[in-house]
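What follows is a set of notes on a single structure, which appears directly below.
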There are 2 protein chains.
Amino acid sequence: MKKSIPKKTVQRLLLYYRSLNFLLQQGIKNISSKSLAGLMEIRDSQVRKDLSYFGHLGKRGAGYDVLELRDKIARILGIEQVKNVCIIGMGSLGSALAAYKGFAALGFKVRAVFDNASHKVGRKIRGYECRPMEAMEKIIRQEDIEIAVLTVPADAAQEIAVRLEKCGIKAILNFAPVKLSLSRRVKVSNVDLAMEIKTLSFFIK
Amino acid sequence: MKKSIPKKTVQRLLLYYRSLNFLLQQGIKNISSKSLAGLMEIRDSQVRKDLSYFGHLGKRGAGYDVLELRDKIARILGIEQVKNVCIIGMGSLGSALAAYKGFAALGFKVRAVFDNASHKVGRKIRGYECRPMEAMEKIIRQEDIEIAVLTVPADAAQEIAVRLEKCGIKAILNFAPVKLSLSRRVKVSNVDLAMEIKTLSFFIK
DNA sequence: TAAAATATGTGAAAAAATTCACAAGCGATG
DNA sequence: CATCGCTTGTGAATTTTTTCACATATTTTA
Ligand SMILES: NC(=O)c1ccc[n+]([C@@H]2O[C@H](COP(=O)([O-])OP(=O)(O)OC[C@H]3O[C@@H](n4cnc5c(N)ncnc54)[C@H](O)[C@@H]3O)[C@@H](O)[C@H]2O)c1
Ligand SMILES: NC(=O)c1ccc[n+]([C@@H]2O[C@H](COP(=O)([O-])OP(=O)(O)OC[C@H]3O[C@@H](n4cnc5c(N)ncnc54)[C@H](O)[C@@H]3O)[C@@H](O)[C@H]2O)c1
């Protein structure tokens, strides 16, 4: 059995993927770990170590084939295989995310959006018909949704998370600034934008 | 001179701050590192190690005073001292961020918002008058803005970042999915939401 | 075709972050 | 006021991540 892949490696793989697409657009067909690393201010050895988790992807003395590596990373990350997501809480952030093209580019498809506000339910928001919270469990099962993006106010998040866990969701991307308590079965990733900016400002001299 | 503080420690400090506020609301006056750690699924030793960077904040045998620790962390992070920020690119994401209350709670004040679309400039968006890009440098200096939140399309980001660097901005929170090339002087933090969700989905079995 | 130049893949070393484990301090109790 | 139970603060040990360094493979050059 292979060694388990560090989360940091997966994150960098996405950066490599982005850079390789950019290089392809430029018509560049081949690249060394050194040049690729240069595009994102990391070491060449880091690039090679990351890629080495997945086999012999390059050619000694010659570097990597850009197209081949891009497609290999796409396969590793499962970008070609579409995952269904839903967005819960169609406020300003939820609406922005619904409109975001970047998700589709990585193989995510928004299958449903939910809100509990009566003036939103039934209306189209960013091209998606806003569904009532009562229908959440049913629609998630029907549409085979694996990932939920949670953009409701902090005090509603935990309760909804529990419902999501019960109906078998696999992962939650949580934007509410609270720790969700769920079983280990559900993967939770927290995006805390206030934290991002505060961390940044801490290191300003 | 003190040892330099790990970035991860600063991030956790923010989580502690959030939890301590929550505990205060509940009327809880005292807490042990163990209970605090329990609120966010980390080890008690991690909490103590993090806090120990900043002196003797607790009392042996008795734990930490919630109010005192909250205020101490606020001081460490500089939450009470307001930092001025601007938002560049008032599309769906920029508008959502402009409306976000969480920034104010951590001591950030939105002083200006910018866009280059003629139908936006001059109009009020989320209560902020949208300013033209031509005025960016002048307003940033006038309003003493240290941090820019960059929410423009990817292909406009680098060019604007260079302008920001030139007019003395200290840090950029970048939402565009591109690597910004700037001198070391400007701190850049990238929030890549597509990457977040992809990383999450990678670890789903 | 031999030598030089390049560049990968990977163990080993180094650095960074986390966890352990315990001496030492505090408060309560009898 | 001695003892006991609890909890901090912190070096040491461990684990994880990054970097180094080089044997090995390929291409280029002459
Ligand atoms: N706006 C931002 O830029 C931003 C940034 C970071 C984090 N966040 C966080 O994201 C969350 C959403 O922020 P927002 O600015 O979009 O807020 P918002 O008030 O604009 O939107 C919240 C939406 O959730 C809906 N909602 C409320 N309770 C619900 C429930 N029980 N079930 C279903 N829907 C419910 C509301 O009707 C509303 O449409 C908040 O937790 C906020 O802290 C927002
Ligand atoms: N919408 C999202 O949820 C989301 C999520 C993650 C990342 N992003 C990224 O954030 C950025 C903004 O996304 P968005 O969805 O808000 O896009 P958007 O198109 O809604 O908004 C972009 C705004 O930037 C303005 N703009 C364009 N060029 C400009 C320039 N040169 N100077 C000043 N302003 C300019 C446009 O007028 C527009 O108002 C993009 O880079 C996107 O990839 C968006």
Side-chain angles (χ1 to χ4, degrees), chain A residues 1-16 19-20 23 28-73 76 195 199 202-203, chain B residues 1-16 19-20 23 28-73 76 195 199 202-203:
Chain A
M1 178 57 194
K2 285 263 182 62
K3 263 222 287 294
S4 78
I5 314 299
K7 184 172 168 175
K8 288 264 188 103
T9 289
V10 175
Q11 291 177 342
R12 280 189 299 263
L13 241 37
L14 275 155
L15 297 181
Y16 303 157
S19 294
L20 291 165
L23 291 167
I28 294 167
K29 298 226 176 338
N30 189 272
I31 193 160
S32 69
S33 58
K34 195 164 174 200
S35 317
L36 186 54
L39 296 178
M40 54 203 83
E41 289 172 20
I42 59 176
R43 302 296 167 121
D44 51 347
S45 57
Q46 182 75 81
V47 171
R48 293 198 300 279
K49 180 70 83 183
D50 284 339
L51 296 177
S52 76
Y53 283 105
F54 306 99
H56 296 204
L57 274 37
K59 216 183 230 172
R60 293 183 185 215
Y64 300 85
D65 181 280
V66 176
L67 180 59
E68 210 172 273
L69 184 58
R70 200 266 318 247
D71 290 343
K72 178 74 193 191
I73 292 178
I76 292 166
M195 180 157 134
T199 307
F202 181 85
F203 290 105
Chain B
M1 178 55 193
K2 286 262 183 65
K3 263 221 289 291
S4 78
I5 313 300
K7 185 172 168 177
K8 288 268 192 101
T9 288
V10 175
Q11 291 177 342
R12 280 189 299 262
L13 241 38
L14 275 154
L15 297 180
Y16 303 157
S19 293
L20 290 165
L23 291 167
I28 294 167
K29 299 226 177 341
N30 190 273
I31 193 161
S32 68
S33 57
K34 195 163 173 205
S35 318
L36 187 54
L39 296 179
M40 52 203 83
E41 289 172 20
I42 59 175
R43 303 293 166 129
D44 51 348
S45 57
Q46 183 75 80
V47 171
R48 294 199 299 277
K49 179 73 81 181
D50 284 338
L51 296 176
S52 76
Y53 282 104
F54 307 99
H56 296 203
L57 273 37
K59 220 181 227 173
R60 291 179 189 225
Y64 300 86
D65 182 281
V66 175
L67 180 60
E68 211 172 88
L69 183 57
R70 201 267 317 249
D71 290 345
K72 178 74 195 195
I73 292 178
I76 292 166
M195 179 156 133
T199 307
F202 181 84
F203 289 105

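Per chain, numbering begins at 1; letters A, B, ... match sequence-line order.
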Quiz item: A:Tyr53 pairs by side-chain contact (heavy atoms from CB on, under 4.5 Å) with which of A:Leu13, A:Thr9, A:Val10, A:Ile76?
Solution: A:Thr9
Practice problem: Work out which heavy atom in B:Gln46 is nearest to a heavy atom in B:Tyr16; give both atom names and the distance. | Solution: O-OH, 3.9 Å
Quiz item: Over how many whole Å does the gap from B:Asp44 atom CG to D:dT7 atom C1' extend?
Solution: 9 Å
Practice problem: Using whole Å, report how far CZ of A:Arg12 lies from C1' of D:dT18. | Solution: 8 Å
Quiz item: Is any side-chain nitrogen or oxygen of A:His56 closer than 4.0 Å to OP1 or OP2 of C:dT10?
Solution: yes
Practice problem: For C:dA23, take OP1 and OP2 only and decide whether either is under 4.0 Å from a side-chain N or O of B:Arg60. | Solution: no
Practice problem: Would you kindly give the CG-to-C1' distance between B:Asn30 and D:dC6, to the nearest whole Å? | Solution: 12 Å
Self-check item: B:Lys8 side-chain N/O to C:dT18 phosphate OP1/OP2 under 4.0 Å
Solution: yes
Quiz item: Which part of the nucleic acid, if any, lies within contact of A:Ser45, taking any heavy atom under 4.0 Å across all strands shown: a base, the sugar-phosphate backbone alone, or nothing?
Solution: base
Quiz item: Below 4.0 angstrom from OP1 or OP2 of D:dT19, is there any side-chain N or O of A:Gln46?
Solution: yes
Quiz item: In whole angstroms, how far is the C1' atom of D:dT7 from the NZ atom of B:Lys49?
Solution: 16 Å
Quiz item: Please give, in whole Å, the distance from D:dT28 C1' to A:Lys59 NZ?
Solution: 14 Å
Quiz item: How would you label the contact of A:Arg48 with the nucleic acid (heavy atoms, under 4.0 Å): base, sugar-phosphate, or nothing?
Solution: base
Exercise. Classify the nucleic acid contact of B:Leu57 as base, sugar-phosphate or nothing, counting any heavy atom under 4.0 Å across all strands shown.
Key: sugar-phosphate
Exercise. Take the protein atom CG of B:Asp65 and the nucleotide atom P of C:dC26, then report the distance between them rounded to whole Å.
Key: 16 Å
Quiz prompt | A:Tyr53 OH - C:dT10 C1' separation (whole Å) | solution = 11 Å
Exercise. Rounded off to whole Å, could you give me the NZ-to-P distance for the A:Lys72 and C:dT8 pair?
Key: 17 Å
Quiz item: Distance check: side-chain N/O of B:Arg43 vs OP1/OP2 of D:dT14, anything under 4.0 Å?
Solution: no
Exercise. Please work out if A:Leu51 contacts a base, only the sugar-phosphate, or nothing of the nucleic acid, heavy-atom cut-off 4.0 Å.
Key: nothing
Quiz prompt | Presence of A:Tyr64 side-chain N/O under 4.0 Å of C:dG9 phosphate oxygens OP1/OP2 | solution = yes
Quiz item: Do B:Leu39 and B:Leu23 come close enough that some side-chain heavy atom pair is under 4.5 Å?
Solution: yes
Quiz prompt | Beyond-backbone contact of A:Ser19 with A:Leu36, side-chain heavy atoms, under 4.5 angstrom | solution = yes
Quiz item: Hey, does A:Ser33 reach any base, or is it just sugar-phosphate, or nothing, if we go heavy atoms under 4.0 Å?
Solution: sugar-phosphate
Quiz item: Do B:Ile5 and B:Phe54 touch side chain to side chain, with heavy atoms closer than 4.5 Å?
Solution: yes
Self-check item: Sugar-phosphate only, base, or nothing, as touched by A:Lys34 at under 4.0 Å among non-hydrogen atoms
Solution: nothing
